[in-house]
Amino acid sequence: MYWNSFSDFIAMGGYGLYVWGSFGVTALVMILEPWIVARQRRATEQRLARQLRAEAKMEQQP
C-alpha cells in the first residue's frame, strides 16, 4: 500500500486507530510482562526465604 503523506500513513486508510492501538497494547504488554515476572520472582524468593528461616527456627526449638 502506498501513502501520499505521513498523515495518510497514520490514518491507515481509516483503520489507524485500530492498527496503532494494537501496536500500543502489544508494546505495553511486552514491556510490562518481564517487569511483572521479575517482581513475582522476587516476592516468591522472599517468601521462600522466610519459610526456610521459620523452619530452621522451629527445628532449633526443643
Problem set entry | Rounded distance [0.5 Å steps], CG in Leu28 versus CD in Glu33 | 11.0 Å
For this session: Please round to the nearest 0.5 Å and tell me the distance separating atom CD of Glu45 and atom CZ of Arg41.
Result: 4.5 Å
Exercise. For the ring pair Phe9 and Trp20, is the centre-to-centre distance below 6.0 Å?
Worked result: yes
Seminar exercise, completed: Rounding to 0.5 Å, atoms CD1 (Ile36) and CD1 (Ile31) come to a distance of 11.5 Å
Problem set entry | Value rounded to 0.5 Å, distance of CZ in Arg47 from CG in Leu52 | 11.0 Å
For this session: Determine whether Phe23 and Val19 make a side-chain contact, defined as any pair of heavy atoms from C-beta on separated by less than 4.5 Å.
Result: yes
Exercise. Do Ile10 and Met12 belong together in a cluster built from hydrophobic side chains that touch within less than 4.5 Å?
Worked result: yes
Seminar exercise, completed: Between the CD atom in Glu55 and the CG atom in Leu48, the distance rounded to the nearest 0.5 Å is 9.5 Å
